[in-house]
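Before any comments, here is the structure.
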Amino acid sequence: MNTDSLILVVDDELLILSATTRLLKQAGYKVIEAQTGKQALQSAQEYSPDLVLLDNVLPDIDGLEICRRLKADKKTSNIYICIVSGLKITSKDQSEGLEIGADEYLIRPIENRELLARVNAMLRVIRAEKELEKHRNHLKELVEQRTAELRQEIAEHKLTEQQLRKSEGKYRFLTESMADIVWTTDLDFKTTYVSPSVEKILGFTPEERCKQRAEEMLTPDSLHRSQERLLELFQMKEEGILNEEFITIDVEYYTKDGTTVWMECSVKFIHNFEDEVIGLLGVSRDITERKRAEQALKEQRKTLNDILEYAADGICVCHNISIDPFVKFTHWNPRMTEITGYSIEEINHLGWYQSMYPNPEVQQKAVERMASMRLGDDIISEEWAITTKNKTQKILSISTSVIKKENDETHIMAIMQDISERRHYQDQLIASQKEWEDIFQAIGQPTIILDPHHGIIKANKSALNITGLSEKQLTGRKCFDIFHTTVRPPDSCPMEALLHKGSLETVEMVMEALGGTFLVSCTPIIDTNGNLEKIIHIATDITETKRLESQLRQALKMESIGTLTGGIAHDFNNIMGIILGNAELALEDVPKWNPGHTNLEEIKKASL
């Protein structure tokens with residue numbers, strides 16, 4: 001590391017300025033600071049730093065204007081300027097900065113390690129450029145001297161040649177010792193030189209690399225972008241509007257094993273003594289890991305944005321502020337707008353407490369709850385009633401957590417779920433359950449609910465009264481144990497018929513434990529999958545009905561006997577009538593002195 005390098009850090013944010021300065025000094029660099037554009041211009045003129053880390057947004061002169069002035073001033077035009085911005089980060093902003101004359105453009109936030117690595121890379125480029133310029137100037141002087149002294153002695157010529165070889169050896173030693181790949185090409189992108197580090201990074205020997213065409217080195221997309229960028233810069237160079245010495249392009253190289261490696265290439269034009277462009281000089285650094293990290297970060301941000309954008313629940317992030325309305329939201333997903341009716345701009349203007357809780361008492365309660373939550377008492381699925389923009393009431397289930405604390409600001413993420421409809425259905429379900437329970441308990445016959453294994457799940461009041469047991473004593477026991485005092489279901493059990501035959505039967509059963517006869521029915525309850533879930537067992541006491549039926553059958557038997565007796569007597573009377581009639585006729589024909597007359601009289605008497 002070259003500890004003689006002087007870096008000017010320009011930033012109006014004192015914390016960022018101090019942190020950057022401390023980081024660079026710890027790395028061994030000399031650092032000077034400036035908080036305004038005016039200070040930056042004065043320091044650049046006075047100290048001629050090797051590198052300027054320039055904030056793009058300053059209170060007096062913006063970074064682009066400072067860059068333009070420094071590049072326009074002959075004294076400061078060669079200073080390497082890197083614009084650093086956390087606000088202007090779009091591709092358009094970067095292009096504008098580079099077009100103004102910036103040599104590099106960094107985007108905040110940037111990790112300390114990467115910042116140092118980028119600074120090191122820029123300083124290496126600066127040093128390589130100075131060395132190359134020095135070498136070029138030296139060669140030019142040698143050529144001029146050699147031309148002027150062409151007729152001088154051969155010994156002087158040999159001395160100059162030796163000096164040139166030494167200088168070239170130093171340059172070759174430098175390039176061959178670097179971990180990065182140093183390369184040169186002609187204007188047809190044919191490699192004319194590549195440092196030995198190419199074999200370690202890409203797997204190709206320098207000889208193999210020099211034989212490759214551009215399309216064999218770069219992926220199609222990287223080749224296309226590189227050619228377009230270099231063509232654009234070449235045209236700017238021809239038109240005299242190119243101020244930057246180096247350009248940086250991220251490209252994807254093929255390796256010898258067929259994989260690809262991302263590399264950051266710092267490229268500049270090579271000129272001849274007539275200042276004509278004759279080729280390219282580049283330094284390529286492996287940034288594969290950085291690219292992977294950038295891609296992972298990009299995907300993570302996309303995932304988080306998708307979660308915020310399409311989440312079924314409202315998600316927001318806010319922090320406390322010291323002035324009215326005392327809370328400011330920085331994130332507010334579309335679902336939050338659907339729930340509350342307010343946009344993030346409206347809620348930040350009107351205030352969360354003031355809009356959601358018009359009742360002063362509720363508003364004060366919400367303020368106090370938020371204050372305790374900032375101290376670590378997270379809200380976990382608490383239900384709060386809010387008033388929406390259209391003045392309707394909604395019930396929200398709110399959960400919060402502290403995500404970070406900065407200075408006096410506590411940043412909180414809140415997840416809000418509209419449970420108004422669920423609460424409505426819950427109330428309906430509770431009412432329905434109560435209605436069912438009332439009906440179940442009002443059934444006059446002993447009614448129990450069984451599981452598919454004859455276990456009692458629930459019993460109504462009639463069942464409790466007739467068994468003399470509590471619901472706790474009944475629950476879990478087998479129905480045949482309670483009603484039949486047996487260890488297995490009786491043969492006529494209607495539930496057994498339901499389970500094994502699939503038939504619904506209502507049967508008369510004597511329940512020994514209850515001392516009576518009951519009409520028993522079992523009705524199945526099927527779950528959503530078509531499986532038997534429960535059985536409703538209803539037992540109707542028909543003991544008295546059976547007694548009355550027995551008495552009725554006895555009465556009917558006696559009535560039948562009476563009817564039969566009456567019929568026989570009637571038929572006998574008919575026969576006796578005939579006998580009586582014939583006996584009277586015979587008496588008229590038989591004289592009294594005849595012994596037969598007496599017999600006929602006896603027959604007549606018997607007939608009466």
Side-chain angles (χ1 to χ4, degrees), residues 5-27 29-123 125-126 236 241-248 266 319 321-323 328 330 406-409:
S5 299
L6 179 61
I7 302 175
L8 170 60
V9 181
V10 185
D11 203 304
D12 63 329
E13 291 289 338
L14 185 57
L15 289 176
I16 296 176
L17 180 63
S18 300
T20 305
T21 299
R22 183 170 63 256
L23 177 67
L24 294 173
K25 285 183 176 181
Q26 288 175 349
Y29 296 109
K30 297 177 182 178
V31 183
I32 53 177
E33 300 178 344
Q35 286 188 273
T36 66
K38 184 176 179 181
Q39 292 175 1
L41 292 171
Q42 290 175 348
S43 296
Q45 288 283 344
E46 183 176 355
Y47 299 103
S48 297
D50 299 292
L51 172 64
V52 178
L53 297 180
L54 176 62
D55 186 10
N56 203 4
V57 181
L58 296 170
D60 52 350
I61 309 172
D62 69 32
L64 296 183
E65 178 60 21
I66 294 172
C67 179
R68 189 192 63 77
R69 293 185 186 181
L70 290 176
K71 290 298 183 179
D73 191 333
K74 185 176 180 180
K75 183 178 179 181
T76 59
S77 62
N78 290 328
I79 295 176
Y80 199 99
I81 299 176
C82 174
I83 295 178
V84 183
S85 179
L87 297 175
K88 297 184 177 183
I89 62 174
T90 66
S91 177
K92 180 181 178 182
D93 295 328
Q94 298 179 52
S95 298
E96 185 179 3
L98 295 173
E99 289 169 0
I100 285 293
D103 299 283
E104 180 63 274
Y105 200 112
L106 296 182
I107 295 174
R108 289 198 183 107
I110 183 170
E111 293 183 359
N112 290 345
R113 182 177 179 181
E114 183 179 351
L115 177 60
L116 287 176
R118 297 296 289 270
V119 168
N120 289 339
M122 288 185 280
L123 290 174
V125 171
I126 293 169
M236 294 172 64
I241 58 175
L242 179 65
N243 295 320
E244 58 189 3
E245 290 294 329
F246 276 86
I247 62 167
T248 301
S266 298
H319 64 269
I321 56 177
S322 59
I323 59 174
K328 181 178 180 180
T330 55
E406 291 182 350
N407 301 327
D408 294 330
E409 295 179 355

Just to verify, what does [X] make a salt bridge (Lys or Arg N to Asp or Glu O under 4.0 Å) with, not counting sequence neighbours?
X   : answer
D50 : K130
R68 : E65
D11 : R108

*How far apart are the C-alpha atoms of V125 and E104, what are their side-chain angles, what is the distance that settles it, and do they pass the side chain to side chain contact (heavy atoms under 4.5 Å, CB included) test?*
CA-CA 11 Å; V125 171; E104 180 63 274; over 6 Å; no

_The criterion is side chain to side chain donor-acceptor pair (under 3.5 Å); which residues satisfy it with Y80, sequence neighbours excluded?_
none

Those residues that, when tested against [X], pass side-chain contact (heavy atoms from CB on, under 4.5 Å) (two or more places apart):
X    : value
S48  : K75
D12  : D55, L58, P59
V119 : I7, L24, Y29, L51, L53, L115, M122, L123
T330 : V317, H319

Residue pair [X] / [Y], side-chain heavy-atom distance below 4.5 Å:
X   : Y    : answer
Y47 : L8   : no
S95 : Y105 : no
Q94 : I107 : yes

Distance-only check: which donor-acceptor pairs under 3.5 Å involve side-chain atoms of residues 34-46, not counting sequence neighbours?
residue : atom : partner : partner atom : Å
T36     : OG1  : Q39     : N            : 3.1
Q39     : OE1  : Q35     : N            : 2.8
S43     : OG   : Q39     : O            : 3.0
Q45     : NE2  : D73     : OD2          : 2.3

What pair of heavy atoms forms the shortest contact from [X] to [Y], and how long is it?
X    : Y    : value
T248 : S266 : OG1-OG, 3.9 Å
G97  : I83  : CA-CD1, 4.1 Å
A27  : L116 : CB-CD2, 3.7 Å
L98  : A102 : CD2-O, 3.5 Å

Atom pair [atom1] ([X]) and [atom2] ([Y]), whose distance is rounded to the nearest 0.5 Å:
X   : Y   : atom1 : atom2 : result
C67 : D62 : SG    : CG    : 10.0 Å
R69 : I61 : CZ    : CD1   : 4.0 Å
L14 : I16 : CG    : CD1   : 10.0 Å
I81 : L64 : CD1   : CG    : 10.5 Å
N56 : I66 : CG    : CD1   : 9.0 Å

_Salt bridge E96-K92, side-chain N to carboxylate O under 4.0 Å_ = no

*Selection residues 13-24 - residue pairs positive for side chain to side chain donor-acceptor pair (under 3.5 Å), sequence neighbours left out*: T21-E33

*Taking P49 as the fixed residue, which of V31, I79, T76 is the one that meets the side chain to side chain contact (heavy atoms under 4.5 Å, CB included) rule?*
I79

